[in-house]
Number of protein chains: 2
Amino acid sequence: MTKLIEETLHKRIRAAGLRLTLPRKAICKVLAANEEDFLTAAQILAGATTEVGQIDPSTAYRALDDFAEIGLVHHVNLGSQPSKWHLTLDHDHQHLVCETCGKPTLVPSSEVTAFFDLLKDRFGFTVNADHFAILGQCESCSTAAPHPPHRATSAS
Amino acid sequence: MTKLIEETLHKRIRAAGLRLTLPRKAICKVLAANEEDFLTAAQILAGATTEVGQIDPSTAYRALDDFAEIGLVHHVNLGSQPSKWHLTLDHDHQHLVCETCGKPTLVPSSEVTAFFDLLKDRFGFTVNADHFAILGQCESCSTAAPHPPHRATSAS
DNA sequence: ATCCGTGCAAATACTTTGCATTTAC
DNA sequence: GTAAATGCAAAGTATTTGCACGGAT
């Protein structure tokens, strides 16, 4: 069903008045195939290059920026240097990103709205859920590693 | 009382077996004077340069890395390209960072522990509170700007 | 006296930009 | 046919590294 996602992306690109080129199709394919993941520009570029021939980095960056502008993807900075991109088709969950293995744990939005509401009511702060990702250790990594890279409880 | 903070930093640097040099003192001064803020390496460098004479960027980066290693500061990536640093002496609050004005809103840790516990219990995910910062709009910016740069409610 | 920290210069990683050519529409 | 997208090359920004000298302990 990643094929279905691709179709949706294609339609939204066309609907936004953007042109559906070969590099863009390849990028859509990579994004659709990694629906739940946060991918670096390098990963997306590598995947897209495998699909069709050579694609220039600048083309990938420009396409991803365009996609972000029409709300297809979000561009987020998690601890690491290279920023990451991920699809936004699924609007019903938030991400907890593991600092060890990089995998996102999905949390239904219903679980976090109470917390966001609290921040709004008590501190007047409106959370930008699009840029929301919490870093830490996922279940398997925290049981596997007795000494996580960073302490996990204290505040800053 | 930023003087007191400086003293504390100096002691912790010495206690960790690091040497207390002029550039490091200057950096401590800047950090202490901006206790609550998230500063870029460039801001810290500029401030430190004002204190004492010219300091090399590599020196600042190395000092900040050393400070992070002994737990004096945290190195975080918020949406923007240049990453930021902030003091960790105060361990009793979390940060909500405004994407418009950059100012952090401080939230007592007691307000968030329930949420962190929920993530742990329901999803087995241990939050790294050191790298915890939520992006959004602070109270004054959200009232001032009718159209915030990003939508603020939906999830991703 | 020792060895850690510094400055300098060069290198690297990631991303952006200008411009001529190509291509989707 | 026309405007938008691409590829290339070059520049830009943020950060890191190697090495010889200088200064803190």
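Lettering follows sequence order; numbering is per chain, from 1.
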Please answer whether the main-chain N or O of A:K84 pairs with a side-chain N or O of A:T40 as donor and acceptor at a distance below 3.5 Å.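 Here the side-chain-to-backbone pair does not exist.
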For the backbone of A:C138 and the side chain of A:T105, can you confirm whether one donor and one acceptor N or O come within less than 3.5 Å of each other?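 Such a contact is absent between A:T105 side chain and A:C138 backbone.
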Min side-chain heavy-atom separation [X]-[Y] under 4.5 Å:
{"X": "A:I134", "Y": "B:F115", "result": "yes"}
{"X": "B:V112", "Y": "B:V127", "result": "no"}
{"X": "B:Q137", "Y": "A:N128", "result": "no"}
{"X": "A:C28", "Y": "A:I13", "result": "yes"}

From the 5' end of DNA chain C to its 3' end, which nucleotides mark the outer limits of contact with chain A, defined by a 4.0 Å heavy-atom distance cut-off (strictly under)?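 It runs C:dC14 to C:dC25.
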Transitive ILVMFWY side-chain link [X] to [Y], under 4.5 Å:
{"X": "A:L119", "Y": "A:L135", "answer": "no"}
{"X": "A:V52", "Y": "A:I27", "answer": "no"}
{"X": "A:L96", "Y": "A:L106", "answer": "no"}

May I ask you to decide if the ring planes of A:H95 and A:F38 are parallel, tilted or perpendicular, using 30° and 60° as cut-offs?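 Rings of A:H95 and A:F38: perpendicular, over 60°.
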Aromatic ring pairing A:H74/A:H86, orientation class (parallel under 30°, perpendicular over 60°, tilted between):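 Correct class here is perpendicular.
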Figure out the OH/C1' separation between A:Y61 and D:dG7, and round it to whole Å.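 Distance, rounded to whole Å: 16 Å.
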Whole angstroms only, please: what is the CD-C1' distance between A:Q81 and D:dA14?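 It is 9 Å, rounded to the nearest whole Å.
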Quick one: which protein N/O atoms are closer than 3.5 Å to N/O atoms of nucleotides 18-20 of chain D? Pair and distance per line, please.
residue: D:dG18; atom: O6; partner: B:R62; partner atom: NH1; Å: 3.4
residue: D:dG18; atom: O6; partner: B:R62; partner atom: NH2; Å: 3.3

Listed pairs under 3.5 Å, donor-acceptor, residues 62-70 of chain A side chains, sequence neighbours left out:
residue: A:R62; atom: NH2; partner: A:S58; partner atom: OG; Å: 3.2
residue: A:D66; atom: OD2; partner: A:R24; partner atom: NH2; Å: 3.0

Please list, in numerical order, the residues of residues 8-31 of chain B that have a heavy atom closer than 4.0 Å to any atom of DNA chain C.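 Hits under 4.0 Å, by residue number: B:L18, B:R19, B:T21, B:P23, B:R24.
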DNA chain C contacts among residues 39-52 of chain A, heavy-atom distance under 4.0 Å: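 A:A41, in order of number.
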Within residues 111-124 of chain B or reaching into it, pairs that qualify as side chain to side chain donor-acceptor pair (under 3.5 Å) - sequence neighbours excluded: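 Those involving residues 111-124 of chain B are A:E111-B:R122, A:R122-B:E111, B:K120-B:T126.
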